[in-house]
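The structure presented is a predicted model; accordingly, all values stated were derived computationally and were not measured. The basis for the numbers below is simple: all heavy atoms, side chains too, and nothing from hydrogens, waters or symmetry mates. For the single chain, residues carry numbers from 1 onward in sequence order.
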Amino acid sequence: MDQPHVHFTIDPQYGFVAVPTDRFPAHLAHWYLVREQFVPVHEAPRLYRLTHPHQDGLRRTRQAVHDLRRRWTVHADDVLNAAPHSAPSALSAQRSQAARAAATSSPQYNQSLGPPPLGATPPSSPPQAPRAVTPGHGRGR
């Protein structure tokens, strides 16, 4: 395995932390980690802690691990790796069904029409029946 660019762990003093390695340039590490809601710890060089760890800190740290893995080599403690998906929940099954329905065309849509030929005028709307005027009903004041 390659040397990681950043290591995520849980520190007893600072909570959820990220430690960039020497392989990760300091300015890039700072840029990425700050955008993932980590701030530098002034007492410990190259250590970043998650802001407000009590506000869904585990999920936010897992999201940071996931985001940085798109481009960088990341090592994270087992608890911080994204949880493996088990059997699909009812909500994910419902979303999957909705996504499949959205990806298919409606049976009400007539695909034989296709786009109008170039230069063709769009179809006009059907004529509307004239409104009947009833005697004795004028405009109010």
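- Note that CZ of Arg46 and CG of Asp22 are 6.0 Å apart. Values are rounded to the nearest 0.5 Å.
- What you find for Phe24 and Tyr32 is that their closest heavy atoms are CZ-CD1, 4.0 Å.
- Here the closest non-hydrogen pair linking Ala18 and Leu33 is CB-CD2, 3.8 Å.
- Checked by atom type and distance alone, the side chain of Thr21 pairs as donor or acceptor with a backbone atom of His5 at under 3.5 Å.
- The NE2 atom of His30 sits 7.5 Å away from atom CZ of Arg35, with the distance rounded to the nearest 0.5 Å.
- In terms of heavy-atom proximity, Tyr14 sits nearest to Arg49 at O-CB, 3.9 Å.
- You'll find the side chain of Thr73 reaches within 4.5 Å of the side chain of Pro4, heavy atoms only.
- Of all heavy-atom pairs between Leu80 and Val65, the closest is O-CG2, 4.1 Å.
- Between the CZ atom of Phe8 and the CZ atom of Arg69 there is a distance of 9.0 Å, given to the nearest 0.5 Å.
- Arg60 is listed as a side-chain neighbour of Thr51, based on a closest heavy-atom distance under 4.5 Å.
- Here CG of Asp11 is found 12.5 Å from CG of Leu50. Values are rounded to the nearest 0.5 Å.
- One hydrophobic cluster holds both Phe16 and Trp72 under the rule that ILVMFWY side chains link at heavy-atom gaps under 4.5 Å.
- Taking hydrophobic clusters as Ile, Leu, Val, Met, Phe, Trp and Tyr residues chained together by side-chain heavy-atom distances below 4.5 Å, Val79 shares a cluster with Val74.
- A heavy-atom distance below 4.5 Å is not found between the side chains of Tyr48 and Val6.
- Under a hydrophobic-cluster definition in which Ile, Leu, Val, Met, Phe, Trp and Tyr are linked whenever side-chain heavy atoms come within less than 4.5 Å, directly or via other members, Trp31 and Leu68 are assigned to the same cluster.
- Note: the hydrophobic cluster containing Val41 does not contain Ile10 (ILVMFWY, side chain heavy atoms under 4.5 Å, direct or indirect links).
- Note that CD of Glu43 and CD of Gln13 are 7.5 Å apart. Values are rounded to the nearest 0.5 Å.
- To the nearest 0.5 angstrom, Thr61 atom OG1 is 9.5 Å from Glu36 atom CD.
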